[in-house]
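Note on naming: letters A, B, ... go to the chains in the order of the sequence lines (proteins, then strands), and numbering restarts at 1 for each one. Below, all heavy atoms of this structure are taken into account, side chains as well, without hydrogens, waters or symmetry copies.
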2 protein chains.
Amino acid sequence: MSLTREKIIELGESFILTKGYNAFSYQDISRELGMKNAAIHYYFPSKANLGTSIVRTNIQRFEEMVENMETRGFSEWQQLESFVKVYIKSNREGKLCLLGSLGPDFATLHENTQKELKKMTDIILNWLTGLLSAGRNNTVFSFHGDAHHYAVRFLSDLVASLQLSRVVSSMDYKAYCNTLLEGLKP
Amino acid sequence: MSLTREKIIELGESFILTKGYNAFSYQDISRELGMKNAAIHYYFPSKANLGTSIVRTNIQRFEEMVENMETRGFSEWQQLESFVKVYIKSNREGKLCLLGSLGPDFATLHENTQKELKKMTDIILNWLTGLLSAGRNNTVFSFHGDAHHYAVRFLSDLVASLQLSRVVSSMDYKAYCNTLLEGLKP
DNA sequence: GTCTATATTCCGATAGAC
DNA sequence: GTCTATCGGAATATAGAC
(Lines give C-alpha, C1' and ligand atoms only; values in the text may rest on other atoms or scores of the structure.)
Protein backbone atom coordinates (compact mmCIF):
# COMPACT_ATOMS: atom_id res chain seq x y z
CA MET A 1 0.00 0.00 0.00
CA SER A 2 1.60 3.21 -1.24
CA LEU A 3 1.95 6.23 0.99
CA THR A 4 1.12 8.60 -1.86
CA ARG A 5 -2.06 6.67 -2.48
CA GLU A 6 -3.10 7.06 1.12
CA LYS A 7 -2.37 10.77 1.04
CA ILE A 8 -4.49 11.16 -2.08
CA ILE A 9 -7.42 9.45 -0.38
CA GLU A 10 -6.97 11.60 2.70
CA LEU A 11 -6.79 14.83 0.71
CA GLY A 12 -9.65 13.81 -1.55
CA GLU A 13 -11.84 13.12 1.44
CA SER A 14 -10.93 16.43 2.98
CA PHE A 15 -11.88 18.30 -0.19
CA ILE A 16 -15.17 16.44 -0.49
CA LEU A 17 -16.05 17.38 3.07
CA THR A 18 -15.22 21.05 2.57
CA LYS A 19 -15.84 21.89 -1.12
CA GLY A 20 -18.00 19.01 -2.25
CA TYR A 21 -17.44 16.22 -4.76
CA ASN A 22 -18.17 18.20 -7.92
CA ALA A 23 -16.22 21.25 -6.85
CA PHE A 24 -12.83 19.67 -6.18
CA SER A 25 -10.42 18.63 -8.90
CA TYR A 26 -7.39 16.41 -9.30
CA GLN A 27 -5.39 19.61 -9.43
CA ASP A 28 -6.49 20.53 -5.92
CA ILE A 29 -4.90 17.30 -4.74
CA SER A 30 -1.79 17.33 -6.91
CA ARG A 31 -0.98 20.90 -5.92
CA GLU A 32 -0.85 19.91 -2.26
CA LEU A 33 1.41 16.98 -3.11
CA GLY A 34 3.70 18.99 -5.42
CA MET A 35 2.88 16.93 -8.49
CA LYS A 36 1.08 17.36 -11.81
CA ASN A 37 -2.62 16.65 -11.80
CA ALA A 38 -2.14 13.74 -14.18
CA ALA A 39 -0.05 11.91 -11.63
CA ILE A 40 -3.16 11.24 -9.59
CA HIS A 41 -4.54 9.22 -12.49
CA TYR A 42 -1.81 6.64 -11.97
CA TYR A 43 -3.26 5.82 -8.57
CA PHE A 44 -6.92 6.39 -9.44
CA PRO A 45 -7.63 6.14 -13.19
CA SER A 46 -10.85 8.11 -12.85
CA LYS A 47 -12.42 10.41 -10.32
CA ALA A 48 -15.11 7.79 -9.80
CA ASN A 49 -12.46 5.31 -8.67
CA LEU A 50 -11.15 7.80 -6.15
CA GLY A 51 -14.64 8.58 -4.88
CA THR A 52 -15.46 4.92 -4.43
CA SER A 53 -12.19 4.26 -2.62
CA ILE A 54 -12.84 7.15 -0.26
CA VAL A 55 -16.23 5.72 0.67
CA ARG A 56 -14.69 2.26 1.16
CA THR A 57 -12.06 3.71 3.46
CA ASN A 58 -14.82 5.29 5.51
CA ILE A 59 -16.71 2.01 5.81
CA GLN A 60 -13.53 0.33 7.02
CA ARG A 61 -12.88 3.11 9.53
CA PHE A 62 -16.41 2.88 10.90
CA GLU A 63 -16.27 -0.88 11.26
CA GLU A 64 -12.97 -0.66 13.08
CA MET A 65 -14.43 1.91 15.46
CA VAL A 66 -17.37 -0.36 16.23
CA GLU A 67 -15.06 -3.34 16.77
CA ASN A 68 -12.87 -1.32 19.11
CA MET A 69 -15.84 -0.17 21.17
CA GLU A 70 -17.10 -3.72 21.50
CA THR A 71 -13.69 -5.02 22.50
CA ARG A 72 -13.50 -2.40 25.21
CA GLY A 73 -16.95 -3.33 26.44
CA PHE A 74 -18.48 0.10 25.88
CA SER A 75 -22.05 0.51 27.11
CA GLU A 76 -24.74 1.53 24.62
CA TRP A 77 -24.56 5.04 26.01
CA GLN A 78 -20.80 5.23 25.66
CA GLN A 79 -21.00 3.94 22.10
CA LEU A 80 -23.58 6.53 21.07
CA GLU A 81 -21.58 9.26 22.74
CA SER A 82 -18.44 8.22 20.86
CA PHE A 83 -20.37 8.25 17.60
CA VAL A 84 -21.66 11.76 18.27
CA LYS A 85 -18.15 12.90 19.16
CA VAL A 86 -17.02 12.11 15.62
CA TYR A 87 -19.54 14.66 14.37
CA ILE A 88 -18.55 17.26 16.92
CA LYS A 89 -14.95 16.88 15.76
CA SER A 90 -15.97 17.30 12.12
CA ASN A 91 -17.88 20.44 13.00
CA ARG A 92 -14.87 21.87 14.80
CA GLU A 93 -12.80 21.26 11.66
CA GLY A 94 -15.38 22.94 9.44
CA LYS A 95 -16.17 19.70 7.67
CA LEU A 96 -19.32 17.82 6.82
CA CYS A 97 -19.66 14.06 7.13
CA LEU A 98 -19.28 11.92 4.02
CA LEU A 99 -22.97 11.05 3.91
CA GLY A 100 -24.02 14.68 4.21
CA SER A 101 -21.63 15.72 1.49
CA LEU A 102 -22.06 12.92 -1.07
CA GLY A 103 -25.76 12.38 -0.39
CA PRO A 104 -26.93 15.57 -2.09
CA ASP A 105 -24.66 14.83 -5.07
CA PHE A 106 -25.93 11.27 -5.31
CA ALA A 107 -27.38 11.65 -8.81
CA THR A 108 -24.01 12.77 -10.19
CA LEU A 109 -21.98 9.93 -8.70
CA HIS A 110 -20.77 6.87 -10.57
CA GLU A 111 -22.87 3.75 -10.15
CA ASN A 112 -20.18 2.05 -8.08
CA THR A 113 -19.79 5.04 -5.79
CA GLN A 114 -23.55 5.14 -5.33
CA LYS A 115 -23.57 1.46 -4.43
CA GLU A 116 -20.78 1.90 -1.90
CA LEU A 117 -22.43 4.95 -0.36
CA LYS A 118 -25.67 3.04 0.04
CA LYS A 119 -23.72 0.22 1.66
CA MET A 120 -22.06 2.63 4.08
CA THR A 121 -25.38 4.19 5.04
CA ASP A 122 -27.03 0.81 5.55
CA ILE A 123 -24.15 -0.31 7.77
CA ILE A 124 -24.36 2.82 9.91
CA LEU A 125 -28.15 2.72 10.17
CA ASN A 126 -28.21 -0.99 11.02
CA TRP A 127 -25.64 -0.48 13.74
CA LEU A 128 -27.50 2.53 15.11
CA THR A 129 -30.83 0.72 15.04
CA GLY A 130 -29.36 -2.24 16.92
CA LEU A 131 -27.69 0.04 19.44
CA LEU A 132 -30.86 2.03 20.13
CA SER A 133 -32.93 -1.13 20.37
CA ALA A 134 -30.52 -2.88 22.74
CA GLY A 135 -30.14 0.30 24.79
CA ARG A 136 -33.86 0.61 25.23
CA ASN A 137 -34.09 -3.00 26.37
CA ASN A 138 -31.39 -2.31 28.95
CA THR A 139 -33.21 0.87 29.99
CA VAL A 140 -30.17 2.89 29.00
CA PHE A 141 -32.22 4.78 26.40
CA SER A 142 -35.82 5.84 26.33
CA PHE A 143 -37.70 6.71 23.14
CA HIS A 144 -41.02 6.05 21.47
CA GLY A 145 -41.83 4.06 18.35
CA ASP A 146 -39.81 2.01 15.92
CA ALA A 147 -36.05 1.86 16.57
CA HIS A 148 -35.16 2.08 12.88
CA HIS A 149 -37.30 5.19 12.46
CA TYR A 150 -35.57 6.75 15.41
CA ALA A 151 -32.18 5.78 14.02
CA VAL A 152 -32.95 7.56 10.75
CA ARG A 153 -34.06 10.58 12.69
CA PHE A 154 -30.99 10.63 14.92
CA LEU A 155 -28.67 10.31 11.93
CA SER A 156 -30.62 13.02 10.08
CA ASP A 157 -30.17 15.28 13.08
CA LEU A 158 -26.40 14.82 13.05
CA VAL A 159 -25.98 15.06 9.28
CA ALA A 160 -28.16 18.10 8.66
CA SER A 161 -27.13 20.06 11.70
CA LEU A 162 -23.52 19.85 10.44
CA GLN A 163 -24.73 21.48 7.24
CA LEU A 164 -26.90 24.00 9.07
CA SER A 165 -24.12 25.07 11.38
CA ARG A 166 -22.43 26.61 8.31
CA VAL A 167 -25.51 28.48 7.29
CA VAL A 168 -27.20 29.44 10.53
CA SER A 169 -25.74 32.57 12.04
CA SER A 170 -25.13 31.49 15.61
CA MET A 171 -25.30 27.81 16.32
CA ASP A 172 -23.61 25.99 19.17
CA TYR A 173 -23.15 22.59 17.61
CA LYS A 174 -21.84 20.87 20.72
CA ALA A 175 -24.74 22.13 22.84
CA TYR A 176 -27.11 21.01 20.14
CA CYS A 177 -25.63 17.50 20.16
CA ASN A 178 -25.95 17.36 23.91
CA THR A 179 -29.65 18.11 23.76
CA LEU A 180 -29.94 15.31 21.22
CA LEU A 181 -28.37 12.91 23.70
CA GLU A 182 -30.42 14.35 26.57
CA GLY A 183 -33.55 13.47 24.66
CA LEU A 184 -32.65 9.81 24.92
CA LYS A 185 -32.22 9.74 28.68
CA PRO A 186 -34.82 7.70 30.58
CA MET B 1 -40.42 40.84 -15.88
CA SER B 2 -39.41 38.60 -18.78
CA LEU B 3 -40.90 35.15 -19.22
CA THR B 4 -37.58 33.72 -20.35
CA ARG B 5 -36.00 35.04 -17.20
CA GLU B 6 -38.59 33.30 -15.07
CA LYS B 7 -38.11 30.05 -16.95
CA ILE B 8 -34.35 30.24 -16.40
CA ILE B 9 -34.85 30.65 -12.67
CA GLU B 10 -37.29 27.76 -12.60
CA LEU B 11 -34.99 25.46 -14.58
CA GLY B 12 -31.94 26.52 -12.59
CA GLU B 13 -33.67 25.74 -9.34
CA SER B 14 -34.78 22.39 -10.64
CA PHE B 15 -31.21 21.49 -11.63
CA ILE B 16 -29.83 22.63 -8.27
CA LEU B 17 -32.34 20.42 -6.48
CA THR B 18 -31.53 17.36 -8.57
CA LYS B 19 -27.87 17.64 -9.71
CA GLY B 20 -26.50 20.21 -7.31
CA TYR B 21 -25.14 23.72 -7.82
CA ASN B 22 -21.67 22.78 -9.02
CA ALA B 23 -22.87 20.02 -11.32
CA PHE B 24 -25.30 21.96 -13.50
CA SER B 25 -24.23 24.33 -16.27
CA TYR B 26 -25.72 27.13 -18.31
CA GLN B 27 -25.86 24.63 -21.16
CA ASP B 28 -28.24 22.42 -19.19
CA ILE B 29 -30.62 25.35 -19.06
CA SER B 30 -30.12 26.69 -22.60
CA ARG B 31 -30.63 23.23 -24.11
CA GLU B 32 -34.08 23.01 -22.52
CA LEU B 33 -34.95 26.46 -23.83
CA GLY B 34 -33.55 25.86 -27.32
CA MET B 35 -30.92 28.58 -27.07
CA LYS B 36 -27.16 28.88 -26.93
CA ASN B 37 -25.65 28.71 -23.45
CA ALA B 38 -24.33 32.25 -23.78
CA ALA B 39 -27.88 33.59 -24.08
CA ILE B 40 -28.40 32.89 -20.41
CA HIS B 41 -25.65 35.39 -19.59
CA TYR B 42 -27.86 38.17 -20.93
CA TYR B 43 -30.33 37.54 -18.13
CA PHE B 44 -27.80 36.51 -15.47
CA PRO B 45 -24.28 37.79 -16.16
CA SER B 46 -22.71 35.19 -13.89
CA LYS B 47 -23.75 31.91 -12.35
CA ALA B 48 -23.53 33.60 -8.96
CA ASN B 49 -26.22 36.10 -10.03
CA LEU B 50 -28.49 33.25 -11.04
CA GLY B 51 -27.86 31.39 -7.80
CA THR B 52 -28.62 34.45 -5.71
CA SER B 53 -31.81 35.17 -7.66
CA ILE B 54 -32.98 31.59 -7.16
CA VAL B 55 -32.53 31.90 -3.40
CA ARG B 56 -34.35 35.26 -3.41
CA THR B 57 -37.26 33.74 -5.30
CA ASN B 58 -37.46 31.02 -2.67
CA ILE B 59 -37.54 33.55 0.16
CA GLN B 60 -40.38 35.35 -1.59
CA ARG B 61 -42.29 32.12 -2.12
CA PHE B 62 -41.91 31.15 1.52
CA GLU B 63 -43.07 34.52 2.79
CA GLU B 64 -46.11 34.41 0.52
CA MET B 65 -46.97 30.96 1.85
CA VAL B 66 -46.78 32.20 5.43
CA GLU B 67 -48.91 35.24 4.61
CA ASN B 68 -51.52 33.07 2.93
CA MET B 69 -51.71 30.74 5.88
CA GLU B 70 -52.16 33.63 8.28
CA THR B 71 -54.84 35.20 6.10
CA ARG B 72 -56.74 31.93 6.11
CA GLY B 73 -56.43 31.69 9.86
CA PHE B 74 -54.55 28.39 9.84
CA SER B 75 -53.92 26.87 13.27
CA GLU B 76 -50.35 26.15 14.34
CA TRP B 77 -50.91 22.51 13.57
CA GLN B 78 -52.26 23.23 10.08
CA GLN B 79 -49.35 25.56 9.38
CA LEU B 80 -46.76 22.98 10.37
CA GLU B 81 -48.54 20.31 8.37
CA SER B 82 -48.54 22.55 5.28
CA PHE B 83 -44.84 23.19 5.74
CA VAL B 84 -44.12 19.46 5.94
CA LYS B 85 -46.23 18.83 2.86
CA VAL B 86 -43.83 20.95 0.82
CA TYR B 87 -41.09 18.50 1.70
CA ILE B 88 -43.23 15.47 0.94
CA LYS B 89 -43.93 16.93 -2.48
CA SER B 90 -40.21 17.53 -3.10
CA ASN B 91 -39.48 13.95 -2.15
CA ARG B 92 -42.11 12.68 -4.57
CA GLU B 93 -40.44 14.69 -7.33
CA GLY B 94 -37.00 13.34 -6.48
CA LYS B 95 -35.78 16.74 -5.40
CA LEU B 96 -34.00 18.11 -2.36
CA CYS B 97 -34.88 21.39 -0.71
CA LEU B 98 -32.80 24.47 -1.50
CA LEU B 99 -31.21 24.53 1.92
CA GLY B 100 -30.24 20.87 1.75
CA SER B 101 -28.76 21.31 -1.68
CA LEU B 102 -26.92 24.62 -1.36
CA GLY B 103 -25.93 24.12 2.29
CA PRO B 104 -23.26 21.48 1.59
CA ASP B 105 -21.88 23.63 -1.25
CA PHE B 106 -21.82 26.72 0.94
CA ALA B 107 -18.05 27.21 0.75
CA THR B 108 -18.14 27.33 -3.05
CA LEU B 109 -20.92 29.89 -3.30
CA HIS B 110 -20.48 33.59 -4.05
CA GLU B 111 -20.54 35.87 -1.03
CA ASN B 112 -23.90 37.33 -2.05
CA THR B 113 -25.46 33.90 -2.50
CA GLN B 114 -24.12 32.88 0.90
CA LYS B 115 -25.65 35.96 2.45
CA GLU B 116 -29.03 35.33 0.84
CA LEU B 117 -28.99 31.66 1.85
CA LYS B 118 -28.27 32.64 5.43
CA LYS B 119 -31.11 35.10 5.28
CA MET B 120 -33.48 32.45 3.97
CA THR B 121 -32.50 30.00 6.68
CA ASP B 122 -32.90 32.60 9.40
CA ILE B 123 -36.34 33.51 8.12
CA ILE B 124 -37.47 29.88 8.07
CA LEU B 125 -36.00 29.11 11.49
CA ASN B 126 -37.48 32.23 13.07
CA TRP B 127 -40.91 31.40 11.70
CA LEU B 128 -40.63 27.78 12.83
CA THR B 129 -39.43 28.80 16.29
CA GLY B 130 -42.33 31.21 16.68
CA LEU B 131 -44.80 28.63 15.44
CA LEU B 132 -43.56 25.94 17.79
CA SER B 133 -43.48 28.34 20.71
CA ALA B 134 -46.98 29.65 20.08
CA GLY B 135 -48.29 26.15 19.48
CA ARG B 136 -46.90 24.95 22.78
CA ASN B 137 -48.54 27.86 24.60
CA ASN B 138 -51.86 26.91 23.01
CA THR B 139 -51.28 23.27 23.93
CA VAL B 140 -51.38 22.37 20.26
CA PHE B 141 -47.82 21.06 20.43
CA SER B 142 -45.89 19.36 23.18
CA PHE B 143 -42.11 19.21 23.33
CA HIS B 144 -39.30 19.69 25.82
CA GLY B 145 -36.64 22.36 25.99
CA ASP B 146 -35.87 25.47 24.00
CA ALA B 147 -38.17 26.18 21.03
CA HIS B 148 -35.31 27.36 18.82
CA HIS B 149 -33.34 24.18 19.49
CA TYR B 150 -36.38 22.14 18.59
CA ALA B 151 -36.91 24.19 15.43
CA VAL B 152 -33.34 23.46 14.31
CA ARG B 153 -33.92 19.81 15.01
CA PHE B 154 -37.21 19.67 13.17
CA LEU B 155 -35.73 21.41 10.13
CA SER B 156 -32.69 19.11 10.25
CA ASP B 157 -35.02 16.14 10.24
CA LEU B 158 -36.79 17.35 7.11
CA VAL B 159 -33.67 18.46 5.26
CA ALA B 160 -31.49 15.44 5.90
CA SER B 161 -34.18 12.82 5.53
CA LEU B 162 -34.79 14.15 2.01
CA GLN B 163 -31.13 13.47 1.31
CA LEU B 164 -31.20 10.09 3.05
CA SER B 165 -34.26 8.91 1.15
CA ARG B 166 -32.07 8.85 -1.97
CA VAL B 167 -29.38 6.81 -0.31
CA VAL B 168 -31.22 4.51 2.06
CA SER B 169 -32.56 1.44 0.33
CA SER B 170 -36.15 1.37 1.53
CA MET B 171 -37.43 4.51 3.11
CA ASP B 172 -41.06 5.64 3.31
CA TYR B 173 -40.62 9.40 3.46
CA LYS B 174 -44.25 10.22 4.05
CA ALA B 175 -44.53 7.77 6.94
CA TYR B 176 -41.33 9.20 8.36
CA CYS B 177 -42.75 12.74 8.24
CA ASN B 178 -45.90 11.56 9.96
CA THR B 179 -43.93 10.15 12.88
CA LEU B 180 -42.17 13.52 13.09
CA LEU B 181 -45.55 15.23 13.46
CA GLU B 182 -46.82 12.53 15.84
CA GLY B 183 -43.89 13.32 18.12
CA LEU B 184 -45.29 16.80 18.62
CA LYS B 185 -48.78 15.72 19.71
CA PRO B 186 -49.66 16.45 23.32
C1' DG C 1 -33.34 44.34 -26.10
C1' DT C 2 -32.20 39.67 -27.32
C1' DC C 3 -29.23 36.30 -28.72
C1' DT C 4 -24.82 34.06 -31.20
C1' DA C 5 -19.94 33.53 -32.35
C1' DT C 6 -16.04 33.19 -30.01
C1' DA C 7 -12.41 33.47 -26.28
C1' DT C 8 -10.38 31.62 -22.16
C1' DT C 9 -9.74 28.71 -18.60
C1' DC C 10 -9.92 24.51 -16.34
C1' DC C 11 -11.53 19.83 -16.12
C1' DG C 12 -10.76 14.74 -16.39
C1' DA C 13 -8.15 11.61 -18.99
C1' DT C 14 -4.49 9.25 -22.34
C1' DA C 15 -0.04 8.27 -24.18
C1' DG C 16 4.32 8.02 -23.38
C1' DA C 17 8.91 9.61 -20.90
C1' DC C 18 12.03 8.32 -17.22
C1' DG D 1 6.51 1.62 -11.06
C1' DT D 2 6.03 6.55 -11.02
C1' DC D 3 5.20 10.74 -13.02
C1' DT D 4 4.90 14.51 -17.05
C1' DA D 5 3.60 16.45 -21.55
C1' DT D 6 -0.35 16.98 -23.79
C1' DC D 7 -5.17 16.21 -25.60
C1' DG D 8 -10.27 16.77 -26.24
C1' DG D 9 -13.99 18.71 -24.35
C1' DA D 10 -16.91 21.32 -21.31
C1' DA D 11 -17.24 25.15 -18.16
C1' DT D 12 -18.03 30.24 -17.49
C1' DA D 13 -17.87 34.47 -19.63
C1' DT D 14 -17.04 38.54 -23.25
C1' DA D 15 -17.64 41.02 -27.46
C1' DG D 16 -20.35 41.97 -30.87
C1' DA D 17 -24.25 40.69 -34.47
C1' DC D 18 -29.11 41.29 -35.36
Could you tell me the separation between the [atom1] atom of [X] and the [atom2] atom of [N], rounded to a whole number of Å?
X	N	atom1	atom2	answer
A:L3	D:dG1	CG	C1'	15 Å
A:K7	D:dC3	NZ	C1'	15 Å
B:R5	C:dG1	CZ	P	14 Å

Indicate whether the side chain of B:S156 and that of A:S161 have a donor and an acceptor atom separated by less than 3.5 Å.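 No donor-acceptor contact under 3.5 Å links the two side chains.
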Closest heavy-atom pair and its distance - B:R166, B:L17: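 Taking every non-hydrogen atom into account, NH2-O, 3.0 Å.
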With the threshold set at under 4.0 Å for non-hydrogen atoms, list the residues of residues 18-28 of chain A touching DNA chain C in residue-number order.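 Going residue by residue through residues 18-28 of chain A, the ones with a heavy atom under 4.0 Å of DNA chain C turn out to be A:F24, A:S25, A:Y26, A:Q27.
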DNA chain C contacts made by residues 29-57 of chain B, counting heavy atoms under 4.0 Å: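 B:M35, B:K36, B:A38, B:A39, B:Y42, B:Y43, in order of number.
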Is the cationic atom of A:R136 (NZ for Lys, CZ for Arg) positioned less than 6.0 Å from the six-membered ring centroid of A:F143 and within 45 degrees of its normal?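 Pair A:R136/A:F143 counts as cation-pi.
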On the six-membered ring of A:Y43, is A:K7 placed so that its NZ or CZ lies under 6.0 angstrom from the centre and within 45° of the ring axis?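 No; the conditions do not both hold, so A:K7 does not lie above the ring face of A:Y43.
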With a 3.5 Å distance limit and no angle check, can you tell me whether B:E32 reaches the backbone of B:L11 through a side-chain donor-acceptor pair?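 Absent.
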Parallel, tilted or perpendicular: which fits the ring planes of B:F83 and B:F62, with parallel below 30° and perpendicular above 60°?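 Judged by the thresholds at 30° and 60°, the geometry between B:F83 and B:F62 is perpendicular.
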Under the side chain to side chain contact (heavy atoms under 4.5 Å, CB included) criterion, do B:E116 and B:K119 qualify, and how do the steps go? CA-CA 5 Å; B:E116 213 65 25; B:K119 193 179 156 193; 3.9 Å; yes
Stepwise, does the side chain to side chain contact (heavy atoms under 4.5 Å, CB included) test hold for A:K47 with A:F24? CA-CA 10 Å; A:K47 200 179 175 182; A:F24 93 91; 3.7 Å; yes
